[in-house]
Amino acid sequence: MALYQTAAGILEKLQRKEGAVKTLVYDSGYKNVRQLYALLCETLRYSSVIEEIISSAELIRGPKKLPMNLAKVLVYDLLFGKGLQCGGRWKSTILAHRARLHAELAKLKVKKKVSSNQDLVTSMGGSSAGRVLPRYVRVNTLKTSLDDVITYFKRQGYANKGKARSIEELVDFAQKSGKFFLQDLHIPNLLVFPPSTDFHNDSLYTSGHLILQDKASCLPALLLDPPVGACVIDACAAPGNKTSQLAAIVQNKGKVFAFDLDTKRLATMSTLLLRAGVTCQELANQDFLKVNPCDPKYQKVSHILVDPSCSGSGMPNQMRVLTDEAGSEKEERLQALSAFQRRALSHALSFPSVQYVVYSTCSIHQQENEDVVKDILQQHPDFGLVNVLPSWPLRGLDTFAGSECCLRASLTETLTNGFFVALFKRRSPEERRLYEELKQSDLHQEEASNRENENKDLVISDSSVQSKRKSEQISQDSASSTKKKRKKKKRKTDQS
Ligand SMILES: C[S@@+](CC[C@H](N)C(=O)[O-])C[C@H]1O[C@@H](n2cnc3c(N)ncnc32)[C@H](O)[C@@H]1O
C-alpha cells in the first residue's frame with residue numbers, strides 16, 4: 001500500500017504546486033523510484049479518463065469515502081496498469097467496484113467512439129494529435145559501440161529497420177508495436193523503438209551500456225560538442241543524463257565539473273555515473289551561482305551546459321498540472337524561474353575562458369526560453385547565437401532577430417518532449433568589431449529616422465520598418481558569420 005499512499009501524497013503536492021513530479025518522487029524516500037515515477041506519470045496521463053470513470057462509477061461516495069488521489073492511482077493500476085499490487089484496506093473497496101469500473105471504461109470508449117486505451121486518452125485531451133513518444137535509447141559509447149548494440153538487439157530478435165529519413169517516418173513507426181528498431185536521423189548513437197518496448201530489466205540497461213533518454217534532452221550536450229579532453233561544466237547537473245553524455249563526448253578524457261544544489265538528486269547521479277562508466281567527473285553539492293569563475297580550477301573551462309530548473313511544462317505528464325494553475329500563480333512562478341535561469345546563464349557566460357555555452361529547458365513557455373536568451377544577448381554583447389542543426393524543423397519563436405537560431409521541440413512537430421535549446425558562442429575580436437560596427441550603424445540609422453520622423457509624421461511607419469529590417473540584418477550578419485565557422489562542424493552532426 002505504501003506505493004499508492006506515496007503516489008497519492010505526491011499528487012496532492014503537485015496540486016499544491018510544491019514541486020515537479022521527479023523532484024517529489026526523489027524527495028519521497030520511496031525505495032523503488034522507477035516504479036513510483038512510472039505510476040505517477042501514467043496516472044497523470046490518464047487523469048481525465050480516470051476522473052470521469054470514478055465519477056460515473058460513484059466510487060468515492062459514502063461515509064468512509066476513498067480519498068480522490070488514492071482512488072486515482074488505484075483505479076489506474078486496476079484498469080490500465082499491472083493490476084492492484086497491495087493488500088491494504090482500500091483494496092477491497094476498489095475490488096468491490098471492479099465490475100462497475102470496467103463497465104464504465106467500456107461505456108466511455110463507446111461514447112468516445114474509440115477502441116484502444118491510448119485513443120481514449122487522446123480523445124480526452126491527454127496527448128497531442130494521437131502521437132505517442134517512441135522509446136528512445138542512447139548508446140553509451142563509454143561502455144560499448146553502436147555496432148555492438150545493434151548486433152546485440154538483432155540477436156535478441158529485433159529487426160534493424162535502418163536509419164530514419166524523416167520525422168514522419170518516426171511518427172509512423174511510433175504507432176507500431178513489435179520487435180524492431182530504427183536509428184535516429186538527428187542524434188548519432190540514438191536508437192528508436194516502439195513505445196511499448198521496456199528495457200528497464202535489460203542487462204545492457206542495468207549495466208549502463210544503454211541510457212533511456214528522450215531525444216530532445218540529447219540535444220544540448222550534442223550541440224555543445226566539447227572536443228575530446230575539454231574542460232566542461234554542467235551547471236545544474238542532477239540526475240546526470242547530460243553529464244554522462246558530455247563525459248562520453250570528451251571520451252572520459254578532460255574534466256566535467258558537475259554542480260547541483262539537491263543532495264538526494266546528486267546521490268542518484270553518482271550511482272548513474274558509476275553505472276555509466278564515467279570517470280572524468282568532479283561532483284559538487286554546490287550552488288552554481290556561487291561558483292567563482294576566476295578560481296584557477298576553472299581556468300580552462302571552455303564549454304558550459306546550463307540546464308536549470310524550469311517549469312517542466314514540456315513534459316507530457318506535467319502539461320495538465322501546469323495548465324490547471326491559476327493565471328496569476330503561474331505567472332509568478334514563471335517569473336521566479338526565469339529570473340533564476342537568467343542568473344545561471346549569465347553566470348556561465350562570465351567564465352573567462354568559456355567559448356560555448358548551451359542553454360536548455362524542458363519548458364514550452366517563452367518567458368523561460370526566448371525571453372531569457374534575448375535579455376542575455378543584450379547583456380553580453382561578447383556572445384552571439386550559433387544557428388544550430390539547420391535541418392531541425394522547429395525553431396525559436398519569432399520574438400527577436402536571430403531567434404531562429406534556437407531550437408524548439410514538441411511531441412507534435414519533432415516527436416519528443418517539449419524542449420528548448422540555444423547555443424551561445426563567444427565572438428572572436430573580428431566578429432565583435434563587425435558586430436559593434438553594425439550595431440553602431442543601426443543606432444545612427446535609428447537616430448536619423450527619429451529625426452526624420454520629428455519632421456515628417458507621414459514616414460513614421462516606413463522608417464520604423466526600415467529600422468526593424470536593419471536590426472534583423474545585424475542579427476543575420478552575425479549569425480551567418482558565426483554560422484560559416486560552425487558550418488563544417490555542424491555538417492558533421494547533421495550528417496551523422
Ligand atoms: C532540469 S534539472 C537538471 C537535469 C540534468 N541536467 C539532467 O539532464 O539530468 C535542474 C537541476 O538544477 C538543480 N539546481 C537548481 N538550482 C541550482 C543552483 N543554484 N545550482 C546548482 N543546481 C541547481 C536542481 O536541483 C535540479 O537537479
Side-chain angles (χ1 to χ4, degrees), residues 18-27 33-34 37 136 138 140 187 190 208 211-224 226 232-249 256-276 278 281-293 298 303-315 317-318 322 333-334 336-348 350-351 357-365 368-369 372 409 416-421:
E18 287 178 19
V21 182
K22 263 193 190 161
T23 315
L24 294 171
V25 166
Y26 284 117
D27 290 352
V33 169
R34 208 177 61 219
Y37 184 66
Y136 291 111
R138 179 167 65 79
N140 177 12
I187 317 268
L190 191 73
I211 313 271
L212 304 180
Q213 188 173 350
D214 179 57
K215 173 173 170 175
S217 99
C218 295
L219 288 169
L222 178 83
L223 298 174
L224 187 63
V232 185
I233 285 181
D234 190 346
C236 300
N241 277 335
K242 298 183 189 76
T243 316
S244 80
Q245 196 185 350
L246 285 171
I249 295 171
V256 181
F257 297 103
F259 301 97
D260 205 283
L261 264 185
D262 190 313
T263 325
K264 279 187 195 154
R265 283 167 71 91
L266 212 57
T268 310
M269 175 166 173
S270 280
T271 314
L272 186 148
L273 296 187
L274 186 69
R275 198 171 60 185
V278 176
Q281 81 279 23
E282 189 174 315
L283 302 193
N285 187 191
Q286 198 180 338
D287 182 347
F288 172 64
L289 300 177
K290 296 197 178 133
V291 177
N292 178 6
Y298 309 119
H303 293 68
I304 301 184
L305 189 149
V306 183
D307 183 40
S309 299
C310 70
S311 61
S313 51
M315 308 297 284
N317 45 48
Q318 294 272 297
L322 272 164
R333 187 167 164 233
L334 285 180
L337 284 166
S338 76
F340 168 67
Q341 290 151 357
R342 279 175 175 79
R343 291 177 68 201
L345 182 52
S346 187
H347 192 61
S350 72
F351 280 70
V357 173
V358 72
Y359 172 72
S360 59
T361 71
C362 54
S363 164
I364 54 170
H365 298 298
E368 299 180 88
N369 299 330
V372 171
T416 63
N417 287 331
F419 213 79
F420 176 86
V421 195

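Predicted model, so just to flag it, every value in this text is computed and none were measured. In each ligand, atom 1 is the first atom listed, and ligand 1 is the first ligand listed. Side chains included, hydrogens not; waters and symmetry mates left out as well; all remaining heavy atoms used.
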Taking only residues two or more places apart in sequence, or in another chain, which ones meet Leu261 in a side chain to side chain contact (heavy atoms under 4.5 Å, CB included)?
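Leu261 satisfies side chain to side chain contact (heavy atoms under 4.5 Å, CB included) with Asp287 once adjacent residues are dropped.
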
How would you list, by chain and number, every residue that makes a side chain to side chain contact (heavy atoms under 4.5 Å, CB included) with Leu190, sequence neighbours excluded?
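Result, side chain to side chain contact (heavy atoms under 4.5 Å, CB included) vs Leu190: Tyr136, Arg138, Asp184, Ile187, Lys215, Cys218.
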
Report yes or no: do Ser338 and Arg342 form a side-chain donor-acceptor pair below 3.5 Å?
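Yes.
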
Any side-chain donor near an acceptor of the partner, Asp307 and Thr361, under 3.5 Å:
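No.
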
Residue among Val306, Leu219, Ile304, Leu305 satisfying side-chain contact (heavy atoms from CB on, under 4.5 Å) with Val358
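By the side-chain contact (heavy atoms from CB on, under 4.5 Å) criterion, Val358 pairs with just one of Val306, Leu219, Ile304, Leu305: Leu305.
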
Write out all pairs satisfying side-chain hydrogen bond (donor to acceptor under 3.5 Å, both in side chains) with one or both partners inside residues 257-267, taking only residues at least two apart or from two chains.
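Found Thr263-Asn285.
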
Protein residues near ligand 1, heavy-atom distance below 4.0 Å?
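Protein residues near ligand 1 are Ala235, Cys236, Ala237, Ala238, Pro239, Gly240, Asn241, Lys242, Asp260, Leu261, Asp262, Arg265, Gln286, Asp287, Phe288, Asp307, Pro308, Ser309, Phe340.
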
